[in-house]
Each structure stands twice: as C-alpha cells, then as structure tokens.
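Here the structure comes first, spelled out in structure tokens, and everything after it is commentary.
As the structure is a prediction and not an experimental result, all values here were calculated from the model. Residue numbers start from 1 in every chain, and the chains themselves are labelled A, B, ... in the order their sequence lines are given, proteins ahead of strands.
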Amino acid sequence: MSALLDDLNPEQRAAVTTTEGPLLVIAGAGSGKTRVIAHRIAYLLDQGLARPEQILAVTFTNKAAFEMKNRVHQLLPPSRRRGELLVSTFHSFCVRVLRRHLDRLGGSYTRDFTIYDTDDQGRLIKACLKELQIDEKQFPPRMIQYAISRAKNQGETPETMAPAFDPRGEVFLKAFRLYEARLAAANALDFDDLLLLTVRLLRRFPDVAEAYQDRFRYILIDEYQDTNPPQFNLVRLLTQRHQNLCVVGDPDQAIYGFRAADIRNILDFERHYPQAKTIVLTQNYRSTKIILRAANAVIRHNRARWEKQLTTHNPVGEPIRCFVAPNAETEAEWVIEELIRWQRQRAHLPETETCAAILYRTNAQSRLFEEACRRRGIPYVLVGGFSFYQRAEIKDALAYLRLLLNPHDDAAFERIVNVPARGIGKSTLESIAAWAVREGLSRWAAMEQAIAEGVLNPRATAALAGFAGLIRELQAQLESSSLADLVSAVITRSGYLEMLIREGTLEAENRRQNLEELVTAAAEADDRRASLREFLDQAALVSDTDDLVDNAPVTLMTVHSAKGLEFPLVFVVGLEEGLFPHVRVMDDSEELEEERRLFYVAITRAKQQLYLTQAQRRRVYGEERLTDPSQFLEEIPEDTVQLLAPSGSATAEPSSTKKLPRNQIVSDQFRLGDRVEHATYGTGQVVRVADGKLDIAFPGKGIKRFVAAAAPLTKLPRK
DNA sequence: CCTGACCGGATTTTT
DNA sequence: TCCGGTCAGG
C-alpha cells in the first residue's frame with residue numbers, strides 16, 4: 001500500500017492522506033492534481049476507509065471521469081477493485097438522481113423527462129417570443145436565453161425576480177415565465193434545470209437527501225473554481241452529514257464566469273467549511289522553467305488573486321517563440337510549417353513526447369488551421385465546434401428517438417416533423433402551434449386532435465396522419481428491438497436515408513456515413529446493455545472534449561477546451577487586441593482578469609515548447625482589419641522570448657512607420673536577425689531590410705518600420 | 001408546399 | 001464570410 005504514496009511529494013501526500021473533514025487543495029497548473037485525486041480515492045479504498053460505492057468524485061467532463069476511473073483502477077490491487085465507484089460530471093450525476101426521484105417533485109415533471117440542449121432551448125425561446133409577439137430585434141433570442149440561464153443559476157424564478165419597474169424587465173419576465181411553462185409542459189429540463197431541480201428535490205425531501213448523505217462518505221470535486229451556485233448548493237447538501245469533502249482547484253484557472261461559475265466558491269471555502277484544512281500544491285511537474293516563469297509573470301498582473309508562486313525542477317528549456325504574421329492565412333501556414341519542423345526533429349521520440357496543440361480563443365479561428373493542415377497532408381483532431389452529436393443529421397435522428405419516448409417533446413417534434421419533407425408545411429404547423437397554445441397541449445397532442453376532428457385541409461391531414469403513423473410504428477418496436485435496430489429503423493423508415501441518397505452530393509454521402517456511425521454507437525450502447533433513455537442522456541451530455549484522441553499528433557481546440565490537458569508543444573494563436581482578449585471583455589476589469597486567467601491556462605498547457613503568434617491583418621465580418629498585438633504579449637517577460645522572422649517570401653507589414661529626425665539611413669548598418677535596442681519599444685529583432693527601410697519586430701508591440709533612425713536605435717551583440 | 005435567390009445581421013468561451 | 005430569414009415563382 002505504501003507504494004501508493006511513494007512517488008508523491010510531501011504536499012501531495014498530505015492532500016492524499018488527510019481524509020477526515022473538509023479539505024481545500026489549491027493546485028497550481030501542472031502540480032499533479034489529477035494524480036492526487038486518483039491517489040486519494042485509491043488510498044481511501046486501500047485503507048478500507050470506504051467502499052467504492054461510498055465515494056462520489058465529480059469531474060468537469062465525462063472524459064475526465066472516465067480517465068479518473070481508469071487511473072484509480074490501475075492503482076489498486078485486483079482484490080480491491082470490486083464495487084461501483086461513481087465518478088461523473090455534475091450534470092450526469094443530477095440526471096441519475098432525477099431519473100430516480102423526479103416524480104416526487106410533482107407538478108408536471110416525471111422521471112421520463114427529456115433533456116433540452118442549448119439548441120432546443122434557443123428554438124423554444126424563439127417560439128415563446130413569437131407567441132408573445134415580442135420583437136426579436138429589440139430582444140434578441142440569444143440575449144434572452146443568456147439572461148434566463150443567468151437568472152436560473154442565481155437561483156431566481158420568474159416569481160422571485162424583482163417586480164419589473166421598467167417595461168424591458170417586464171417583457172423579459174413574460175418571456176421567462178412562458179419559457180418555464182413550455183418546458184414544464186413538454187416535460188423537458190434544460191441544462192440548468194438538471195442542477196436546480198436536483199437541489200430542489202433534495203431540499204424538499206429530506207429522506208432523499210439523507211439517503212445520499214449517508215451513502216457518500218467521501219466526496220471529491222475537481223475544478224472547484226469553476227462551480228456555480230447550484231453546484232455549490234448541491235455540494236453543501238450532499239456533504240452535510242460526513243463533511244469528508246475534498247475540493248481541488250486553482251483560482252488562477254477560473255474561466256467559466258460566463259456560465260455563472262463563481263470563483264468565491266473556492267476563495268471562501270474556509271469560511272463555508274470552518275473546519276477545513278488547506279493544502280497548496282506549488283510544485284509544477286509539467287513545464288520548463290522558462291514557460292513557468294512567463295506564466296507566473298502574466299498571472300501576477302491580476303489584482304484579485306490568491307497569491308502563489310509555482311516552481312519547478314524541470315530544465316530551463318527553449319525560449320518562448322513569438323511570431324508576427326502579416327495575415328491570418330500566413331499565421332496558420334507558418335504554424336503548421338513550424339509544427340512539422342519541430343516534430344520532424346523529434347521523429348525518433350515516442351508520440352507522447354511530440355504531440356502538439358493549437359489553441360485559439362474562438363472556434364471560428366479553427367478553419368484556417370484545418371485548411372493549412374489539409375494542404376500539408378497533416379492529420380489533425382478537431383475538438384468542439386462541430387462535434388459528432390451536434391451535427392444536424394445526428395440531432396435529427398436523436399429527435400426521432402426522443403419523440404418515441406416522449407411524444408410531447410415539442411422541440412423534437414418541431415425538428416423532424418417535416419424532415420425529410422413530407423408535405424407538412426409552414427401554415428399547417430402554425431395551425432398546430434396555435435391549437436396547442438389555445439388548448440394548452442403539446443404539438444403532438446394538438447396534431448392528434450386536429451387529425452381526429454378533421455379541421456385541417458385533407459392534404460395536410462393525410463400528411464400528418466402519415467407522420468403520426470410512422471412514429472407509432474416505430475414506437476411499437478421500442479420493446480422488441482435492439483438500439484442499433486431501432487436507430488436503423490428510424491433512419492430508413494422515416495425516409496431520411498432515401499433523402500440523403502437522392503441528394504447525391506458529397507456532403508449528403510458524408511451525412512449518411514455519420515448516421516451509420518450513430519448506428520455503431522447504438523450497437524456499442526447495446527453491448528453495455530444501455531437503454532434508449534441512457535443512450536439519449538449520454539448523447540445530450542457529451543462534452544466537446546469527450547471525443548479527444550490521446551496522443552494525436554495535432555489537436556485543434558479552444559483554450560477553454562484545453563483546460564486540464566497538457567502537450568509537449570503548444571501554439572497559442574491569434575494574440576490580438578479584440579480577439580484575445582476578446583472585445584466583449586475589454587472594458588470590464590473583472591472580465592479582463594478572467595481573460596488573463598484564460599491566457600494563463602493557455603500557456604501553462606505547454607510542457608516543452610510554447611509558441612505565441614499574432615496576425616497583423618485579420619478578416620472580421622468578412623472585412624480585413626489591421627490588428628494590434630494583444631496586451632497579454634507585453635506581460636510576457638522579454639528575456640523568455642525569442643522573436644522569429646517570417647520565413648520565405650512572406651513579409652510582415654509594419655503596424656506603424658516611425659520617422660526619426662536625423663536622416664541617417666540605417667539599413668546598411670543592420671542585417672536580418674540583428675537584435676536592437678530602441679528607446680521606446682525596447683529590445684527587438686530585425687525581420688526585414690529593404691529599400692533603405694528597416695522592419696523591426698518588438699515582442700508584444702508588433703513590427704515597426706524605420707525609415708531613418710537617430711541615436712536611440714542601438715545594435716546589440718548577437719547571442 | 002417547396003425551392004432558390006436575395007438581403008441583412010452576427011460572432012466568446014460550454015455542461 | 002456565412003448563416004438564417006424572407007419573398008417570389010414553380
């Protein structure tokens with residue numbers, strides 16, 4: 001058993017073995033946090049302090065949960081591996097609880113509820129606005145959606161919200177109220193509801209709460225800095241009895257404020273749990289000294305902060321390499337070239353030593369890098385953006401399946417009632433919608449009535465009856481068929497497959513293959529003996545990083561998705577004012593600090609080599625714009641950085657031209673690659689000499705063009 | 001009812 | 001640039 005603790009440092013060992021009472025582990029980037037959690041669970045089991053089913057561990061993604069389970073498994077002797085260890089995300093855990101007990105809450109909710117994803121939510125909100133005749137121009141659905149989610153996460157309901165003084169608030173409340181009513185009517189829960197209703201359930205039914213409190217003797221929460229109020233409440237409820245709560249996180253990596261995550265949950269932990277012990281893990285095992293020094297320097301610019309300095313015994317490493325590209329296309333090309341070069345040099349090393357990540361602020365940036373990879377024949381893995389379960393054809397197929405289980409799922413109904421086209425048009429659907437609203441029915445029920453009473457024109461009635469028949473026919477198969485057969489039946493009998501085949505385009509063929517893939521996924525679920533319900537739940541709660549491939553040579557993703565991951569080689573791209581930091585946060589100092597934490601997360605993903613790039617021109621809204629270097633670049637210490645000259649013919653355009661008084665031509669005194677010192681811009685590197693002009697790149701300040709120079713420009717000795 | 005052409009507006013990050 | 005919504009014609 002002591003082998004469990006052997007290769008842990010004293011801080012880590014303390015975090016693993018302090019098993020009684022609340023424990024706060026502040027774990028700096030790369031401090032072996034995941035390892036500590038896995039070892040702690042293994043330790044609890046190994047010491048006989050708990051049986052597997054008495055432990056609940058919460059991770060941020062399903063993938064992390066899966067890996068955590070595996071790690072624990074490997075740490076344990078075979079004799080200790082029995083029993084079910086529950087490692088899941090907050091959302092999956094809540095679904096589990098609600099599928100058991102939601103009936104108790106009463107109202108229209110039952111345990112057969114449907115989960116509405118962001119997409120379904122958006123459609124529903126649009127429908128609500130339309131029904132209330134609210135102008136979408138004045139009240140953009142996205143904003144309403146955001147505001148509703150925000151309100152719900154703050155624990156507000158339409159009833160508890162302050163009576164609206166201004167008409168805008170009144171309009172919002174009306175939309176909020178209707179949205180909640182429609183959700184309830186469809187027996188649907190949105191992502192926020194999963195947490196909220198679980199909390200409500202446990203509060204209202206002490207016997208249920210006590211059952212869970214008794215069961216979980218030990219609770220561990222990862223990424224605690226990113227928990228939101230309902231998650232906090234849930235943790236409080238679950239830990240009331242044993243208080244053996246261990247939360248692990250890093251306030252410097254709190255990046256989910258927009259999702260109502262509250263960094264105070266971790267900062268005030270010792271106040272929430274007065275008995276708490278605190279352990280800080282400050283030794284970094286991941287990055288080189290240079291990378292860590294840059295990261296420390298960056299994060300120190302945040303004012304609201306729990307001060308800690310990470311150290312490492314790792315080698316000094318290579319300087320951080322900065323590159324300023326003339327435009328976004330060149331940026332992407334250059335990154336891929338550099339990546340190929342880097343990996344070629346290390347071709348003799350195992351994949352784990354050479355895999356790379358390209359990290360960007362927004363998903364939209366991925367396209368150029370994908371194209372560059374494809375041009376050079378580099379296979380890549382793209383995370384997020386358009387993951388498998390978000391593809392239209394997959395969501396369509398899933399909507400059919402959802403409707404089989406819950407015909408009152410209006411979002412599913414609307415999605416596929418006329419996909420493929422079966423003669424159920426806009427006006428017909430509007431009549432159904434109006435009927436449903438008037439009678440307080442779901443779309444499905446309204447449709448059945450409309451068919452029975454023959455109120456619609458014969459053609460429409462026949463088309464609807466055909467659709468209703470199709471769904472019933474498929475429903476009849478629910479009991480008897482395997483999931484794989486059921487999915488196949490859905491895509492063939494609905495005519496979906498035929499539609500794609502008839503289309504005959506390359507894209508349609510692609511979509512057909514995706515559907516085939518779904519059948520495969522269903523077959524795998526059959527192997528696990530999953531029910532249709534479980535299959536759908538899992539599909540609704542997949543996270544972007546779940547389809548991450550270990551040790552892929554190149555992975556493209558947002559910085560958010562990269563949280564918790566590490567790569568030998570990392571490119572952080574698009575370091576421009578307005579992009580990273582994003583325009584939307586620049587005028588709010590708190591949000592800017594969150595953005596800086598995001599940048600901190602980005603650079604601390606790198607183990608060996610870090611690249612930072614900026615494009616001087618970038619298309620925004622299809623219009624080319626000049627960019628300024630990100631303010632974050634200036635926060636990187638100069639002596640950790642090496643500036644790189646653009647290779648080949650690609651030459652950067654300077655962002656400004658500096659004219660100095662005395663017309664002393666400078667170009668013949670300097671050569672490409674010279675290091676220079678300038679009075680105002682600091683140390684730079686000559687990246688271009690031509691026509692008596694000199695382009696000099698200054699880290700964090702972009703490229704400046706010098707026509708002539710006075711004394712302040714001095715040449716430094718080459719290193 | 002369906003299709004295709006046209007126009008206007010949007011872009012942060014995610015369970 | 002791209003997406004979604006609107007409108008006219010088949």
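Put simply, CZ on A:F599 is 17 Å from C1' on B:dT12, counting in whole angstrom units. When the C1' atom of B:dT15 is taken as reference, atom CZ of A:F258 falls 9 Å away, rounded to whole Å. Look at CG on A:L592: it is 18 Å from P on B:dT13, rounded to the nearest Å. For the pair A:R367 CZ and C:dT1 C1', the interatomic distance rounds to 7 Å; values are reported in whole Å. If you measure from atom CD of A:E594 to atom P of B:dT13, you get 14 Å, rounded to the nearest angstrom. Whole-Å rounding puts the A:R618 CZ to C:dT1 P distance at 15 Å. Distance CD (A:Q145) to P (B:dT15): 15 Å, rounded to an integer number of Å. One can place CG of A:N363 at 5 Å from P of B:dT14, the figure rounded to the nearest angstrom.
Map A:G425 and A:Y256 each onto its nearest nucleotide of DNA chain B; the residue landing nearer the 5' end is A:G425. Summary of the strand contacts: A:G423 and A:F90 both lie near DNA chain B, and taking for each the nucleotide with the nearest heavy atom, the more 5' one is attributed to A:G423.
Counting any heavy atom pair closer than 4.0 Å across all strands shown, A:A421 reaches sugar-phosphate atoms only and no base atom.
Just one residue in the list A:L189, A:D120, A:D193 forms a side-chain contact (heavy atoms from CB on, under 4.5 Å) with A:L183, and that residue is A:D193. Exactly one residue among A:T198, A:L202, A:L237 makes a side-chain contact (heavy atoms from CB on, under 4.5 Å) with A:Y212. That residue is A:L202.
Ranking B:dT12, B:dT15, B:dC1 by closeness to the A:F191 side chain, first place goes to B:dT15. Nearest nucleotide to the A:T428 side chain, out of B:dT12, B:dC1, B:dT15: B:dC1. The side chain of A:R259 sits closest to B:dT14 out of B:dC1, B:dT13, B:dT14. Closest to the A:N418 side chain, of the nucleotides C:dT1, B:dT13, B:dC2, is B:dC2.
A donor and an acceptor atom never sit less than 3.5 Å apart when one is taken from the side chain of A:R584 and the other from the base of B:dT12. Below the 3.5 angstrom threshold, one finds no donor paired with an acceptor across the side chain of A:H582 and the base of B:dT12. For A:R619 against C:dT1, a side-chain-to-base donor-acceptor contact under 3.5 Å is absent.
Within the 4.0 Å cut-off from OP1 or OP2 of B:dT14, at least one side-chain nitrogen or oxygen of A:T558 is found. The shortest distance between the side-chain N/O atoms of A:S561 and the OP1/OP2 oxygens of B:dT13 is not below 4.0 Å. A close approach under 4.0 Å does not occur between any side-chain nitrogen or oxygen of A:S92 and OP1 or OP2 of B:dT15.
With sequence neighbours left out, the side-chain contact (heavy atoms from CB on, under 4.5 Å) criterion links A:N327 to A:E329, A:T330, A:R617. The side-chain hydrogen bond (donor to acceptor under 3.5 Å, both in side chains) search around A:E576 returns A:R618, not counting sequence neighbours.
Here the separation of B:dT13 from C:dG4, taken at their C1' atoms, is 23 Å to the nearest Å.
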**Request:** Go through A:R96 and A:D537 one step at a time and tell me if the salt bridge (charged side-chain N to carboxylate O under 4.0 Å, His left out) criterion holds.
**Result:** CA-CA 10 Å; A:R96 244 179 115 98; A:D537 281 351; over 6 Å; no
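Checking side-chain atoms of A:E595 against main-chain N and O of A:H582 turns up a donor-acceptor pair under 3.5 Å.
Both tests do not hold together for A:R597 against A:Y600: distance to the six-membered ring centre under 6.0 Å, angle to the ring axis within 45°. For the pair A:K395 and A:Y389, the cation does not sit on the ring face, since its NZ or CZ is not both under 6.0 Å from the ring centre and inside 45° of the axis.
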Pairwise N/O distances under 3.5 Å, protein to nucleotides 5-8 of chain C:
from, atom 1, to, atom 2, distance (Å)
C:dG5, OP1, A:K126, NZ, 3.1

